[in-house]
Amino acid sequence: MRKGFLAASLAATMGLSLLVGCGTSSEPAAAAPAAPEATAEAAPAASKPANSKLVVGFAQIGQESGWRDGETNDIQWYAAQHTDEIDLVFADAQQKQENQIKAIRNFIDMGVDVIAFPPVVETGWEAVLTECKEAGIPVILVDRGVDESCADLYATQISSDFIWEGAQAADIVGDLLGGKGNVVELEGTVGASAANERKEGFDKELADKYPDIKIIESQTGDFTRALGKEVMESFLKSHDDINAVFAHNDDMALGAIEAIKEAGKKPGEDIIVVGCDGVKGAFEAMVAGEMNGTVECNPCLAKQIFETAAKLKAGETVDKWIVSNDGVFRQEDAEAELPNRTY
Ligand code: GZL
């Protein structure tokens, strides 16, 4: 039975080999279909295949944004291109930390070589990461971080610099407002390091460099387009003097754009719109004049994840933080850059 689960998961992964990864510019990245329902907690754990291949357990957060789908797409595509050397066991936690923890415990039972996952929030990981350490299974944090207290319980974090991203967004807002005005902020998932640190970077940069720009509202939109729109609607009902919105991801920015239009205002003109991620939709909105900037956050981490996992399996040490290099794009860059976007 245990082998059955792994076989099912691998089959699910293999079946996704029609997906394309972020980097395959030869094929436009298909809109990532929903990640497989092969959630680890849905089936009993399987034993690790007796082979020399690298077996990686990946406990994905879910499908909350286009960015997240891009990451899933890239990981499953890369594994499907390297089936001779990689076995990927993929679990979709459907936004729930308890499902990520269950999946990680399944991976431990299976005896995978390496566990990789994006911690949906920063806290609540000490017990399960201790179990990974006691099982001798190295952990790679992907695209988000955990509380400092767990610093010794994982091998490395592969992610962007969210504080830098928030500061870049503040510089775009500050520049386009001419240093004066009222800003609202759509925050990411409560407790997520990407949200906490983008907020830290954005708010500090504004306070340090643009003292005449005020943040008049700041509330979570949970990184989703739907909630981003809903929260922006409430902001617009409460304030008629909003000059800019900073959304912690582009999906919430696109939701805010819908709300601004439905309120009879022009996004990108009456209200400056800036996001993070660099998804294709943001570039399309900038080309349409409805968005003013996005700070890229590269979701195409599969190559780094699997190459780092192989080093960890071989007993090598790696840097504690492997930082992605990200770009900053404004409206005037969008038309030329749009064809290059792969997620
Ligand atoms: C960032 C990642 C965030 C994205 C969102 O590394 O954790 O989660 O910015 C996604 O789009 O939901």
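Numbering of ligands and ligand atoms starts at 1, following listing order.
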Could you see which bit of Arg198 sits under 4.0 Å from ligand 1, with heavy atoms only: side chain, backbone, both or neither? side chain
Which atoms of ligand 1 sit under 4.0 Å from any heavy atom of Ser65? 5 (C), 10 (C), 11 (O), 12 (O)
Would you verify whether the NZ or CZ of Lys133 falls within 45 degrees of the ring axis of Tyr154 while also being under 6.0 Å from that six-membered ring's centre? no
Any salt bridge linking Arg144 with Glu122? Criterion: basic side-chain nitrogen under 4.0 Å from a carboxylate oxygen. no
Got a salt bridge between Asp270 and Lys266, using NZ or NE/NH1/NH2 to carboxylate O under 4.0 Å? no
What protein heavy atom is closest to atom 8 (O) of ligand 1, reported as residue, atom name and distance in Å? Arg144 NH2, 2.8 Å
Pi-cation contact, Phe329 with Arg341 (under 6.0 Å, within 45°): yes
Non-hydrogen atoms of Cys297 versus ligand 1: any pair closer than 4.0 Å? yes
Quick one: nearest non-hydrogen protein atom to atom 2 (C) of ligand 1, plus distance? Asp143 OD1, 3.3 Å
Could Asp250 and Lys280 be called an ion pair, given the rule that one side-chain N must be under 4.0 Å from one carboxylate O? no
Before signing off on this row, confirm whether Trp67 and ligand 1 have an N or O atom pair separated by under 3.5 Å. no
For ligand 1, indicate whether the residue Asn249 contacts it via side chain, backbone, both or neither (heavy-atom separation under 4.0 Å). side chain
Distance to 0.1 Å, residue and atom name: give those for the protein heavy atom nearest to atom 9 (O) of ligand 1. Asp277 OD1, 2.6 Å
Short N/O distance, under 3.5 Å, between Glu64 and ligand 1? yes
N-O pairing of Glu262 and Lys229 below 4.0 Å: yes
